[in-house]
Amino acid sequence: MTMKTPSFSSYLLLAPLAILFLVFLLPSLNRSSGSDGIGVLCNRRTGAAHHHHHTVVPPIPAQAEPEPELSLLVGILTMPKLRERRDIVRLAYALQPPVPAYARVDVRFVFCRVTDPTEATLVSLEEMQHGDIMVLDDSCAGENMNDGKTYAYISSVARLFAAAPYDYVMKTDDDTYLRVAALVGELRGKPRDDAYLGYGYNMSGDPMLFMHGMGYVMSWDVATWVSTAAEILDRNDTLGPEDLMVGKWLNLAGKGKNRYDLKPRMYDLNWGMDNFRPDTVAVHMLKDNRRWAAAFNYFNVTAGIKQSSSSKLYHRLPLP
Ligand SMILES: *[C@@H]1O[C@H](CO)[C@@H](O)[C@H](O)[C@H]1NC(C)=O
Ligand SMILES: *[C@@H]1O[C@H](CO)[C@@H](O)[C@H](O)[C@H]1NC(C)=O
Ligand SMILES: *[C@@H]1O[C@H](CO)[C@@H](O)[C@H](O)[C@H]1NC(C)=O
């Protein structure tokens, strides 16, 4: 294989060595509209730490976009081997009502370093196609969420985007269906600093002692504090149940005082799958394809497909 100019994929091949914090961000405007997956949700960020990728689609000249009222980075913590789930989640983000113009939302899948050579190659291809993957560095000990992956994610993005921060950073899971427009609607009127919101866990006399791991948002100043707080590391507080630990970091330091509980708009899907709500911000426990299908059906994502006849679909195929 001849090496041309250093490309994204060649960097990715170094991922097993884990010498760098690698983040892949493709400007979505480099792609045709209506493109695959999460890309459609990613509005262009100006001034962020972009690594430009060589694509066959010529870049669209930068347009003067008005600054949004709020910006949000969503990280979906998942594992390289869960490719099928990721494709379902990509559809879930792509096929939902558009993000309102007042908000800019970027969604990324987050892995620890990819050590398996086969996975590294496949992740590389996936990244080339979708441009929505973030690989954390060596500080990320393992994909198990209780081994410090959340800490690695929050502290890494706070450093990486320090020059062009988002207003908020979110951690969510690959079994959560997040409805982005509903979430930014909640965020719009909230403070941009010292904020921490999600599904509040009512414990020890505090109705929001910590936010459930299905998905929580913190303002950028809080994430920045996490990235610099030696006390978290000194106490080994990166290890343990990740959602509870995040609450502990913030509570001990008096951070995240602007705290909001998004119950009942965030919830676990029950066993019988009959507790969906039209005003859902996030529904969790979508642990298999059947439960994802139920969510797509409930939120009418499949309604358009049911209406089109199969012959119509055939006619769209190019004739030989
Ligand atoms: C939290 O739990 C306590 C004790 O179970 C209960 O009395 C209280 O109403 C709960 N608060 C909220 C906001 O759910
Ligand atoms: C943190 O973990 C290290 C390694 O397991 C251990 O040596 C150290 O005593 C721990 N520190 C605290 C405060 O528990
Ligand atoms: C889905 O479509 C049905 C029929 O039009 C409607 O009654 C229902 O409210 C829709 N559900 C949601 C969650 O929008």
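Both counts, for ligands and for their atoms, begin at 1 and track the order of listing.
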Neighbour count >12 (heavy atoms, 6.0 Å) for atom CD, E231: yes

Salt bridge (Lys or Arg N to Asp or Glu O under 4.0 Å), paired with D174, selected from K287, R83, R85, K81: R85

Distance under 6.0 Å and angle within 45° of ring axis: K171 vs Y153: no

F111 side, atom CZ; L136 side, atom CG - distance, nearest 0.5 Å: 10.0 Å

N or O contact, N236 vs ligand 2, cut-off under 3.5 Å: yes

Atom indices of ligand 2 within 4.0 angstrom of D234 heavy atoms, with elements: 13 (C)

Which protein N or O atoms sit under 3.5 Å from any N or O of ligand 3? Give atom names and distances.
from	atom 1	to	atom 2	distance (Å)
ligand 3	2 (O)	N300	OD1	3.2
ligand 3	2 (O)	N300	ND2	2.3
ligand 3	11 (N)	N300	ND2	2.9

Test: R291 and D288 ion pair at under 4.0 Å: no

Validation row: V74, Y93 side chains within 4.5 angstrom (heavy atoms): yes

Aromatic contact, F210 with Y216 (centres under 6.0 Å): no

P207 neighbourhood, listing ligand 1 atoms whose heavy-atom distance to it stays under 4.0 Å: 13 (C)

